[in-house]
Structure formats: C-alpha cells, structure tokens
Amino acid sequence: MTSPPGSVSRLIIDGFSIVLIDLLLAGDNALVIAMAVRALPQNQRRIAVACGAAAAVTLRIAITIVAVQLLNVEFLKMGGGALVIWIAVKVLSEARSRVEKIPARGRLLQAIWLIVVADITMSIDNVLAVAGAAHGSVPLIIFGLGVSIPLVVFSSQLIARLMDRFNAIVYLGAALLGRVGGEMIMTDPFVARTLRPSDGAIWIAEIVAIGCIFIVGRIVTKRVTNRVTKPGRGAL
C-alpha cells in the first residue's frame, strides 16, 4: 500500500530515496574533486574541497528546484564532458612533470572553480533523479543533498591521499574521467538528437576520450619540461 503524500512514512521513504541516489551517483563527483585538489598542498586541500563542495551543492539545490527545464538544455553536458576531459589532461600532465609554476593562491582558487563547475555539469542525472524522488518538495531536496556532502568530501580526500601514495591511481582516475567525459558528450541532448549514437558508438567515444587524455597529457608534459629545462630558463 502506497503511503499518502505528506505522511511521515512517505517523507521518510522519499528522504531515504534521495540519500541513496546521492550516494550511488557521488563516485564520479568525488573523483573529480580529488583530481582537482591533488596539486594543492595538504593544508589547502580541505579548504578547496569545503568551499567548492559547499558552493556546488548550493547551486545544485537551486538547479534541482527547476530541474525539469534541464532536460531541454543542449550543449550543457557536452561542455561539461569537455571540461572533465580537460581536468584529466591537466592533472595527468602535472603528475608527470611535477612542475610547480602556479602561485599557491592561484591553484587554490582554480581548484575551487573546477570543483564547482565540474560538479554542476556532471550532476545533471543526479539532479533529475533527486527532483523526481522529492516530488517537488524543496525541504527534501535540501535534506538529501545536504546529507551527501560528508560522503563526497570524505571520499574525495581519501582518493587524493591514495593518489599521493600510489601514482598509478592518477592514471586510473584520468581514464575514468575520460570515460565520464566521453559519455557526457555523446549523451548531450543535441548529440543524441542529431547523431542518435548507439551504445557501441558511446563506448568508442569513451575509448577515444581516454586515448586523447593520455596523448595530450604526454604532449603537455614534454612542452612544460622542455620549457623549464631549456638553457637560460632556470635549468635544474
């Protein structure tokens, strides 16, 4: 028997559903956050994660309230996928070159910006799912998204620490972000409407995105390394 709308049991069920949705869909977001803050000093990582996650969740709450309109927004997921791929290239090149050229404050603000933009663009499915589970209840939307914050923050910090200890995780993370970015681009409303990609085409796009990340990452690394070690430019 279905609980009537507005009943306590219905609120509990809807609230639990929203929390579960957030937990299931938080993995990619935590990975992006971890990749974005990896280049920061330890004492700045918590600041970047806290500020970026708080701003992203605040924006996500506002977007969720009008989530129905997101279904018709073309190029949003395409741009988000391109951003995710760019983050993967940037982090991969930094992991290889180990060059510290950007001032600490610039990196901190950049990391916060990346967290906010990437989280919003990657969370369209999450936003729509939460909006549906909440049945239009703004308090439930705020509750569900608020509960998910500690998990995302904790998991992103844990992933960042593991990347420090095991460099191979950086490459795995870059590959995963490539898969996410490729899938976002191919499932953008405009691409889906014009190309009607099959599952196989989406899979190929994900592989191409991963390959591009590693190829471009290597090129960027070589350019940065050559610039730093070039005679007269502060060779080590």
Side-chain angles (χ1 to χ4, degrees), residues 14 17-36 52-53 55-91 112-138 140-142 144-145 148-149 152 156 173-216:
D14 289 344
S17 299
I18 292 173
V19 173
L20 183 61
I21 290 170
D22 278 320
L23 296 182
L24 291 175
L25 300 178
D28 291 340
N29 300 71
L31 178 60
V32 167
I33 293 175
M35 298 285 277
V57 169
T58 300
L59 290 174
R60 203 191 303 181
I61 290 173
I63 293 174
T64 304
I65 297 173
V66 293
V68 176
Q69 299 183 16
L70 288 179
L71 289 171
N72 299 320
V73 177
E74 297 183 345
F75 305 109
L76 180 60
K77 291 183 72 174
M78 188 185 300
L83 174 65
V84 170
I85 293 174
W86 177 76
I87 291 175
V89 170
K90 182 177 183 299
V91 174
I112 293 174
W113 171 250
L114 289 178
I115 291 171
V116 173
V117 177
D119 182 83
I120 293 300
T121 53
M122 289 180 62
S123 299
I124 295 176
D125 294 338
N126 191 340
V127 164
L128 295 175
V130 169
H135 302 290
S137 173
V138 176
L140 274 178
I141 291 173
I142 296 175
L145 294 177
S148 68
I149 296 176
V152 175
S156 62
L176 289 175
L177 290 184
R179 183 196 64 79
V180 172
E183 189 270 341
M184 289 179 66
I185 292 174
M186 295 301 289
T187 57
D188 180 85
F190 174 78
V191 177
R193 175 171 55 82
T194 56
L195 300 181
R196 300 184 184 276
S198 62
D199 292 340
I202 295 176
W203 182 72
I204 292 174
E206 293 172 357
I207 294 178
V208 171
I210 294 172
C212 289
I213 287 173
F214 285 98
I215 293 173
V216 176

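Residues take their numbers from the sequence shown, with the count starting at 1.
Separating the CD1 atom in I210 from the CG atom in L176 is a distance of 7.5 Å, to the nearest 0.5 Å.
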side-chain contact (heavy atoms from CB on, under 4.5 Å) between V216 and I85, worked out: CA-CA 10 Å; V216 176; I85 293 174; over 6 Å; no
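Considering every non-hydrogen atom in both A174 and A88, the closest pair reads O-CB, 4.0 Å. Residues G181 and V84 share a closest heavy-atom pair of N-CG1, 4.2 Å.
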Contacts table for residues 199-206: side-chain donor-acceptor under 3.5 angstrom, sequence neighbours left out:
none

For residues 186-193, which side-chain donor-acceptor pairs fall under 3.5 Å, sequence neighbours excluded?
from, atom 1, to, atom 2, distance (Å)
T187, OG1, K77, NZ, 2.9
T187, OG1, E183, O, 2.7
T187, OG1, M184, O, 3.4
D188, OD1, F75, N, 2.9
D188, OD1, L76, N, 3.3
D188, OD1, K77, N, 3.2
D188, OD1, M78, N, 3.1
D188, OD2, F75, N, 3.1
D188, OD2, F190, N, 2.9
R193, NE, E74, OE2, 3.1
R193, NH2, E74, OE1, 3.3
R193, NH2, E74, OE2, 2.7

